[in-house]
Amino acid sequence: MKSQEAVKLRNYGDLVDRYDALLGRCFDGGPAGEIDRMPVYHMTLRGDSPAPQRWLLGAGMHGDEPAGHLALLEFLEQDGEKLRGRVDLDVMPCINPWGYEYDRRENSDGIDINRCFEEEALEEVRLCKGLLESERFDLFLEFHEDWEFEGYYLFEVRQEEMNRLGPALIDAIRSHGPIYRHPEVEGFPVMDGVADATPPLLARHGIGSKPLPLWLFHAGVSYHTITSETPSKHWDADTRIATHLSIARNCVELLTPA
Ligand SMILES: [Zn+2]
């Protein structure tokens, strides 16, 4: 599509400068491929020996959800060094650089990448799968935003034997703003801001492996995923960034007690 009317609102180079600064500190990795001639990064954090947990962190799937990009960067910049040895990290900070620059949910061809993980046709999907499909993570934590609602919610996708994180994460951010009040989101039941999805519900829902967290789940890459969704229209940017940050820090406290 390369939408003619698209207006560039942000500069992906600003994010790249911050990724490169992280690589100069405690992170390894770097550009793992190119989308629309822009580098897509895969960064890792490792201690001297394997940490008790290994997580995948993601943001930037949808370009019009900027608090996710920025919160993930702040988390890595502020907490990265402290986490070395406590949790091993793989980070995919932005798979949709064009969307970030033009404030679009979709990629430059007008495609929602997060509905395409059952296909190999999309470059972004091939890139993610090539990097991740033979890996195994204790947690996949990703940051999104939702413009439609005034309350915060999160998706938790897990094997039934995994302990739930969602209710404690909601309690940790309750003071930031209203929690999502409706009984369902995207066809999943929601209780007090948590859409808790285990295999029987996922089978009934029928969305399959189209979104990245569900592809990771069904491919056995991560049996526990948290998708944090801040209200992009109703909360200011600082609050949304602080909320994602708090979710990340509380995952650390809950899963890797010091
Ligand atoms: Zn999103």
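Source: prediction; values computed, not measured. Each ligand, and each atom within it, is numbered from 1 in the order the structure gives.
The closest approach of His144 to the Zn ion (ligand 1), by N/O/S atoms, is made by ND1. With respect to the Zn ion (ligand 1), His62 has ND1 as its nearest N, O or S atom.
Looking at Asp48 and Arg84, a side-chain N of the basic residue comes within less than 4.0 Å of a carboxylate O on the acidic one, giving a salt bridge.
Taking backbone and side-chain atoms together, Glu65 has an N/O/S atom less than 2.8 Å away from the Zn ion (ligand 1).
Relative orientation of the Tyr100 and Tyr12 rings is perpendicular, given thresholds of 30° and 60° on the angle between their planes. A tilted orientation is assigned to the rings of His244 and Phe143, their planes being inclined by 30° to 60°.
When each of Ile226, Leu83, Leu45, Leu255 is paired with Trp55, the side-chain contact (heavy atoms from CB on, under 4.5 Å) condition holds for Leu255 and for no other.
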